[in-house]
Amino acid sequence: MKDLSKTFYVTTPIYYVNSDPHIGSAYTTIVADVVARYKRMMGYDTFFLTGTDEHGQKIMRAAKEKGMDTKKFVDDLAQRFIQLWKDLEISNDLFIRTTDDYHVKTVQEFFQKMYEKGDIYLGKYEGWYCVHDETFWTEKDIGPDKLCPVCHRPLEHVEEENYFFRLSKYTKPLLDHFRSHPDFVEPDFRRNEMIKILEEGLEDISVSRTSFDWGIPLPFDKKHVIYVWFDALINYVSAVGYGRDDEKFKKYWPADVHFVGKEINRFHSLIWPAMLMSVGLPLPKKIFAHGWLTVNGEKISKSKGNAVDPRVLVKAYGLDAVKYYLLRDITFGNDGDFSEDNLIVRINADLANDLGNLVHRTLSMVNQNFEEIPDPSKEEKIDDDLKDLLSRTINDYFSYMDSFKFTEALISIWNLVKFSNKYIDMTEPWLLARDPSKKERLGTVLYNLVDVIRNISIMISPIMVKTSKSLIDRINQDLDVNMLGWHKTEKAKIEVGEPLFPRIDTKVWKKVIKMAETEENQKKAEISIEDFAKIDLRVARIKKAERIPKSEKLVKLILDVGGEERQIVTGIGLVYTPESLIGREIIIIYNLKPTKLMGVESNGMLLAAKDGEKLRILTVDGFVETGAKIS
RNA sequence: GGCGGUGUAGCUCAGUUGGCUAGAGCAUACGGUUCAUACCCGUAGUGUCCUGGGUUCGAAUCCCAGUGCCGCCA
């Protein structure tokens with residue numbers, strides 16, 4: 001299976017250093033990392049590239065505002081990305097910066113080639129430029145207010161001599177390429193968008209600027225610097241030695257897949273291929289444009305406070321759990337939502353309950369009954385079922401991973417996890433253990449389970465690196481994809497270890513994503529006196545109080561409200577003992593709609609002041625008859 | 001404004017070329033079990049399959065119109 005002549009080259013976008021990395025940017029890189037790890041496991045000589053995009057007017061201005069030298073400024077910013085990827089254990093083989101010397105040189109050579117080909121010409125550009133988006137607009141694109149149609153910032157009028165790229169010339173060749181390579185751009189709806197643009201025809205684009213100098217100078221006209229997008233795209237070839245290390249370049253180019261966000265799909269699916277055609281290089285095999293993440297249902301933005309540093313999540317939940325969640329819950333290619341609630345559900349249900357518990361119960365039984373992993377012997381029907389499911393899972397796993405269907409790959413692995421739990425239930429090893437004559441059967445059952453766990457740990461290894469390692473170490477086996485399959489577990493001692501994933505107790509757990517809006521929400525909307533009048537508040541005296549069985553918090557109260565007897569259920573059991581409540585006067589909402597809590601009827605609600613964990617019931621200042629109204 | 005996608009159980013979604021009483025996971029309720037992280041296993045549900053019309057023996061699935069959400073372009 002190992003064949004190092006197979007190579008695989010995978011890239012992320014290079015990130016514009018001027019904005020902070022958040023969970024959205026981390027998502028692309030994490031996916032690319034999973035793919036790189038998977039391909040390495042499959043025996044490919046893999047090259048995984050990420051990096052930073054550091055030129056452009058926006059960065060130059062930002063540096064100026066801070067009074068910093070531009071290069072020093074981007075050095076600091078790039079470091080933030082390098083550190084983040086280190087913290088997320090991203091396995092990139094190179095981190096490219098567009099300010100790296102070799103990149104600068106390659107870009108100039110690339111540009112020179114295009115020029116010699118006759119695809120670059122000097123023209124006059126007149127129009128409006130948005131510094132923020134690095135985008136040019138023509139008069140007809142914008143309104144009389146001269147604001148950017150995208151970000152609504154003021155535009156700058158520019159009029160200068162620019163070099164242009166004859167992009168229009170490549171409309172037809174690109175269209176042909178799209179038609180003859182149906183998998184060139186994925187998902188398919190993104191490809192269709194690109195085809196539509198091609199059918200309408202491409203226009204030549206301006207590719208140089210003269211009004212500032214933070215960029216790569218044109219080789220043949222030093223007054224100009226190369227448009228930042230042009231410069232950036234070329235990173236994909238400069239990183240693997242274009243014009244500098246032919247052997248390396250030949251080995252890895254063309255790239256197998258460029259992972260990009262949907263907002264930059266055009267650049268990668270149209271402009272970049274046209275540039276490559278111009279210099280006579282083969283096109284990348286695939287561009288995969290994924291969707292955007294929202295966080296807790298809202299767009300990621302600093303003002304909303306949900307632009308969380310991914311490390312905060314990793315620290316709270318663990319890297320493997322966050323990665324599992326991202327790949328399991330968000331269908332790759334579509335937009336998705338990073339929901340902390342759903343993350344916790346996945347951790348508790350899939351990781352702790354299903355996988356963690358399967359491992360823990362299996363390994364515990366092995367060590368309770370045997371010195372080491374027992375030998376299998378005669379197989380029964382249920383064993384064949386497990387074996388069949390394993391082999392189907394392995395097949396599905398390969399085909400899903402090869403087509404970047406991570407969600408499906410994980411679902412299919414987890415079907416195996418769930419069936420393994422059922423297998424334990426059906427074979428009842430704890431009963432087998434009580435009957436010495438069934439020791440052999442017990443050994444077979446436990447061997448099968450360890451064998452499946454071994455397979456699972458290999459399959460999850462590109463995604464959950466630490467978990468996989470921890471699992472395979474506990475059972476003392478090799479993490480080798482060639483060992484995927486039934487009954488390839490070697491004899492070895494095992495170690496039960498701590499539970500892989502502790503459950504998160506949602507009752508006490510504090511979430512880490514603080515939505516800025518939450519605080520605002522706590523300040524409730526103004527109400528009128530009529531609104532308040534709808535609430536019927538009364539004084540009541542507690543006649544009886546008793547805990548509701550099986551509940552820590554809930555207490556059932558029998559009240560006297562002006563001679564009427566009422567039953568309410570209240571959640572103050574952690575703070576008050578029932579005995580201490582009897583005889584006290586409290587305030588209740590008298591006309592609250594009745595409800596049932598833990599099956600016990602509650603006709604009203606007691607008022608209490610809450611300060612974090614502290615809780616005190618409201619009462620009246622001196623004696624008042626029960627049933628008295630409060631207003 | 002043009003084009004495209006999407007709208008299925010409380011939640012997240014699956015539903016291949018139209019075909020048996022519409023599915024899964026989570027959550028809920030009840031039962032079983034005890035090796036295990038109050039875990040696992042089983043059972044039970046609930047759905048105007050966005051709305052209205054049409055094609056068909058038969059439509060969540062195809063066609064038309066409307067509507068909500070989303071995307072691309074202008």
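Here is the naming used below: chain letters follow the sequence lines, and residue numbers restart at 1 for every chain.
Spacing of P atoms, B:U6 relative to B:G18, comes out at 16 Å, to the nearest Å. On the P atoms, B:U16 is 9 Å away from B:C62, given to the nearest whole Å. Across B:G23 and B:A9, the matching C1' atoms stand 10 Å from one another, rounded to whole Å. Taking the C1' atoms as reference points, B:C50 lies 34 Å from B:C30, given to the whole Å. For B:G10 and B:U28, the P atoms lie 16 Å apart once the distance is rounded to whole Å. Atom P of B:U8 sits at a distance of 14 Å from the matching atom of B:C69, rounded to the whole Å. Taking atom P in both B:U48 and B:A60, one finds a spacing of 14 Å when rounded to whole Å. Comparing the same atom, C1', in B:U67 and in B:C41 gives a spacing of 45 Å after rounding to whole Å.
Between A:Asn342 and A:Asp329, the shortest heavy-atom distance links the atoms CB-OD2, 3.8 Å.
Taking atom CD1 of residue A:Ile195 and atom P of nucleotide B:C72, one finds them 17 Å apart after rounding to whole Å. At whole-Å resolution of the value, CD1 in A:Ile344 and C1' in B:U12 are 16 Å apart. Here the C1' atom of nucleotide B:A36 and the CG atom of A:Leu446 are 13 Å apart, to the nearest Å. The distance from atom CD1 of A:Ile504 to atom P of B:A38 is 15 Å, rounded to the nearest whole Å. Rounded to a whole Å, the CZ atom of A:Phe370 is 13 Å from the C1' atom of B:C35. Note: CD (A:Glu193) to C1' (B:C72) measures 4 Å, nearest angstrom. Atom pair A:Glu408:CD and B:U16:P shows a separation of 14 Å (rounding to whole Å applied). Atom CG in A:Asp341 sits roughly 14 Å away from atom C1' in B:G10 (whole-Å rounding).
The nearest heavy atom of RNA chain B to A:Glu200 and to A:Gln368 marks one nucleotide each, and the one closer to the 5' end goes with A:Gln368. Toward the 5′ end of RNA chain B lies the nearest nucleotide of A:Thr362, the other residue of the pair A:Thr362 and A:Phe419 mapping further downstream.
Ranking B:C73, B:A36, B:G71 by closeness to the A:His360 side chain, first place goes to B:A36. The side chain of A:Lys422 approaches B:C41 more closely than any other nucleotide in the set B:G71, B:A36, B:C41. In the set B:U33, B:G42, B:C72, B:C72 carries the atom at the smallest distance from any side-chain atom of A:Ile197. Residue A:Trp430 places its side chain closer to B:U33 than to any other of B:U37, B:C72, B:U33. Checking B:A36, B:U37, B:C72 against every side-chain atom of A:Arg503, the shortest atom distance belongs to B:U37.
Ion pairing of A:Lys169 with A:Asp204 is absent here, as no side-chain N (NZ or NE/NH1/NH2) approaches a carboxylate O to less than 4.0 Å. With respect to the salt-bridge test (charged N to carboxylate O, under 4.0 angstrom), the residues A:Glu186 and A:Lys285 do not qualify. For the pair A:Glu193 and A:Arg190, the salt-bridge criterion is met [side-chain N within less than 4.0 Å of a carboxylate O]. Taking the charged nitrogens against the carboxylate oxygens, A:Asp383 and A:Arg441 do have a contact shorter than 4.0 Å, which makes a salt bridge.
Below 30°, between 30° and 60°, or above 60°: for A:Phe178 and A:Phe184 the angle between ring planes is above 60°, a perpendicular geometry. Under the 30°/60° scheme for interplanar angles, the aromatic rings of A:Tyr423 and A:Phe419 are found to be tilted. Ring geometry for A:Trp229 against A:Phe267 counts as parallel: the plane angle stays under 30°, on a 0 to 90° scale with 60° as the upper cut. Between A:Phe398 and A:Tyr38, the ring planes lie tilted relative to each other; the angle falls in the 30° to 60° range.
The partner of B:G18, taking Watson-Crick or G-U wobble pairs whose two distances both stay under 3.5 Å, does not exist in any strand shown. Under the Watson-Crick and G-U wobble criteria, each requiring two contacts below 3.5 Å, nucleotide B:C69 is paired to B:G5. Across all strands shown, B:C35 remains unpaired; no Watson-Crick or G-U wobble contact has both distances below 3.5 Å. Under the Watson-Crick or G-U wobble criterion, with both distances below 3.5 Å, B:C62 is paired with B:G54. Nucleotide B:G45 forms no Watson-Crick or G-U wobble pair with any nucleotide shown, as no partner meets the under 3.5 Å limit on both distances. Nucleotide B:C13: paired with B:G23 (Watson-Crick or G-U wobble, both distances less than 3.5 Å).
Taking the ring centre of A:Phe370 as origin, the terminal cationic atom of A:Lys439 falls inside the region bounded by 6.0 Å and 45° from the ring axis.
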I'd like a table of atom pairs between the protein and nucleotides 24-28 of chain B - only N or O on both sides, under 3.5 Å - with the distance next to each one.
none

All N/O pairs under 3.5 Å across the protein-nucleotides 1-8 of chain B interface:
unit_1 : atom_1 : unit_2   : atom_2 : d
B:C3   : O2'    : A:Lys196 : NZ     : 3.3

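Using a 4.0 Å heavy-atom criterion, one finds that A:Glu428 contacts no nucleic acid atom at all. The residue A:Leu500 sits close to a base: some heavy atom pair falls under 4.0 Å.
A:Leu202 pairs in a side chain to side chain contact (heavy atoms under 4.5 Å, CB included) with only one of the listed residues (A:Ile271, A:Leu175, A:Leu174), which is A:Leu174.
For the residue pair A:Ser206/A:Asn162, the side-chain donor-acceptor check at 3.5 Å is satisfied.
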